[in-house]
Amino acid sequence: MVQFWCFLALLTLFTSSPIALADDAQEILLDTAKQSNASLLWGPYRPNLYFGVRPRIPRSLMTGLVWSRVDSYEGLQERFRHTCEQHEGMAGYGWDEYDVRHGGHQTIHDAGNSIDITTEFVKIPGGDHGGSWGVRVKGTPREDAPDRLITTVMFYAGIEGLGSLEVQNAPDELGIEGDVNLAGSSNELGEFGIRIAESVDNRHPPKQHPSYDGKPLDRTIVSSAQVPEGSLWQAKSVIFQKMKAEIDAYIEEYGQDNAPPPWSTFTLPNDIQEGNFHMTQKVFDGAFHVRISADNRKGVIADLSTQFDVIYSSSSAPTPVSPESLSSAIDRAKLIFSDRFSKLLAPKAPFNVPKYQPFAKSMFSNLLGGIGYFFGDSVVDRSYAPEYEEENEGFDEETAAARAQQGDVKVEGPSELYTSIPSRPFFPRGFLWDEGFHLIPIADWDMDVTLEIVQSWFNLMDEDGWIGREQILGPEARSKVPQEFTIQYPHYANPPTLFLIFESLIDKLNSKSAIPTTRDTLDPIRNAHLDEPSTALIYLKSLYPLLKRHYSWFRRTQRGDIKSYDRVAYSTKEAYRWRGRTDRHILTSGLDDYPRPQPPHPGELHTDLISWMGMMTRSMKRIASFIGEDDDAAEYAGIETAIVRNIDDLHWSAAHQTYCDATIDDYEESVHVCHKGYISIFPFLTGLLPPDSPRLKAVLDLIADPEELWSEYGIRSLSRRDPNYGTGENYWRSPVWMNMNYLVVKSLYDVATSESGKNPHRAQAAKTYRQLRRNLVENVFREWERTGFAWEQYNPENGEGQRTQHFTGWTSLGVKMMNMPDLEEAGRMEHGEL
Ligand SMILES: *[C@@H]1O[C@H](CO)[C@@H](O)[C@H](O)[C@H]1NC(C)=O
């Protein structure tokens, strides 16, 4: 039956447009889409917080967790945790295991507060409104914690937009004994309840001060407020305001000399009211999860905690979630994750040993756990100032002046974005070129969520075909960005990495190797686009007009000039130049300070951009051909050939034996400007050099030469021999970056395994691949063990992680590398052993 409707669907799609499907086929597809959508509704989609759940709905329910050690007044304000911050005393944090469909568990090693917090979050399907969810919060004192470690933990929930949220418990001056219950409703969520479950087993601070009688801390404090629309993200300020009033009142009552202990003063008032924002606070003495079971006689501490659960139950679900059903959902999610991970992303030799397991799982889980939902307006310079054409010499000064004028800076939107992020503390928002890299491992796990994210990005496109490279949506996102960097410019591009994902989709559709079945009941809705090619067809067909618009925007706005400078090339059209370049930077290229021709010139041609365009064109060709747009496919094929030919004609320097940018010299001649490094191997990185290319040998030698790009920790961004090596900001001028290294690894692998008859460099590629893969993974692993974190980049001299901490975006490509084959045989072949 399924095959029949699928065939029907395909037939209809190929012969007619718009898309029409047989009724039952449509029903099945819709049902799958609905289930898939429901399973993605909830998540820790506020990745800028240590923990915060919201749905993928604008202006809706927002929740979050705040905690602090409160046994001394010293530095107390700085101890309150809410948003992820770098260097605030964390010995590592993040998801040990996380799956976007089920949930997972996170450990936060809060050394500064001497406690490890875990959040076990799971989704529980059922009902008509995207199901229910729960989180179990635990705290375990760290080894260096004092005997009496007192910790306060707050969980808050607020609602924006149309909808209500209220506390069900009767107000009580002394606080709430037992569970706290909230009830709410909104159009999208229907009716729901939130239960903050209390357990008798938790220990709370004993009475030490008369203030305790007015606010016994074995109860839960509940405090309400009305927060204006659009301000819920400032929850911590609301909490601090309320606490400050309480502290002042205590001081007034008892005086400085007889002030209550900090765990009593740093509390919210018991103040249940009507409002859209409700905070609950608990104060724990020591661990707040360990219950000594009957086994304790044997010295075993069994963890049977139900002590601090937050449970959201959709009223449309058949039964509300209980702490017991939460426990089984947590266990089930663990089993499913492990099973799925071992089948889809397990590290291969030599990393198939236990010590790499937690590392691999954590890197991948943080990539998935970084997926967030963002909603808000953005700031765009719509002046289209003529200076932005960058056509005159000295354009960098003209554009700087035009930008400073802020001619027509507009607030646009609001728009929404569903995306993963580079780094929770430092870059908790969408970055266009990062996202293509993020999705490479995610596509192996869950193609449907991958395509959902891709779609979300393309929905941001304007009428011209432009997508802003950094998505700073709304005031919360803007609060993390210096004002001058919040403005986006509609003539700025960014590497079109999302097109790598279309290639991955089509590769997977073409390869007959089925995805292994797992014990996950959600399997059919994770890869519907692979299981039923008609679904992929519908997806690509509906996205195709946007892709074309984006593609022609690139070709129109980032064009380079061949004819004005009498350049000789196979095609007179295919040359490219990044716009948005300044004296020292091309931020739009992603490789910010990589050395480029000096001074900036309108006759420049950029190797990396023409290579990206080659990749993008190839991807468009394959998409067009897959959906039956044969004329388009033929046109793209022609452009691809022109680009590949022009890369050699315009960018290959015989003198330097590498690919180079080009510019115009003082005699109005086109000349190469060569800086060996990532840019000079870009045609290779984007898969545009065939295995028998006469240029390949030089590229492979450059990569493997320790005097140039090779280091024990990965491929350097710039050659050691380049005069700019390690100079200036030194951002892309020596450090090892995982995204580019992944492209090196992948391209080496492709040569090493190519079945092309003429493949003279197979053995060399295999040998380099094998060593590079090991170096990269081992180094990121070592630094992760040493520091507790993944890093933005790695030092090529000693391997140390540097710059942004907790960079679990493209650094997580290590997981993909671990999952690639070791190519042992090829390595042995090189040594003449086979
Ligand atoms: C997905 O779920 C959201 C939230 O419930 C809803 O607004 C949206 O219409 C759904 N989309 C589809 C395609 O079902």
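For ligands, and for the atoms within them, numbers begin at 1 and follow the listed sequence.
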Novice: Under the salt bridge (charged side-chain N to carboxylate O under 4.0 Å, His left out) test against D99, which residue among R526, K123, R340 passes?
Specialist: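 Among the candidates, only R526 passes.
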Novice: Could you report the tightest heavy-atom contact between A197 and D179, atom names first, then the distance?
Specialist: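 Result for this residue pair: CA-OD1, 3.4 Å.
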Novice: So that I know where these two stand, are Y156 and H82 an aromatic pair - ring centroids less than 6.0 Å apart?
Specialist: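 Yes.
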Novice: Just jot down the side-chain contact (heavy atoms from CB on, under 4.5 Å) partners of L162, sequence neighbours excluded, or say none.
Specialist: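 Residues passing side-chain contact (heavy atoms from CB on, under 4.5 Å) with L162: none at all.
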Novice: Can you name the residues that come within less than 4.0 Å of ligand 1, going by heavy atoms only?
Specialist: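 Ligand 1 pocket, heavy atoms under 4.0 Å: N37, L41.
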Novice: Between W42 and Y312, is the gap from one ring center to the other below 6.0 Å?
Specialist: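 Judged by ring-centre distance (under 6.0 Å), W42 and Y312 do meet the cut-off.
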Novice: Could you check whether F626 and F502 have their ring centres less than 6.0 Å apart?
Specialist: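 Between F502 and F626, the centre distance exceeds or equals 6.0 Å.
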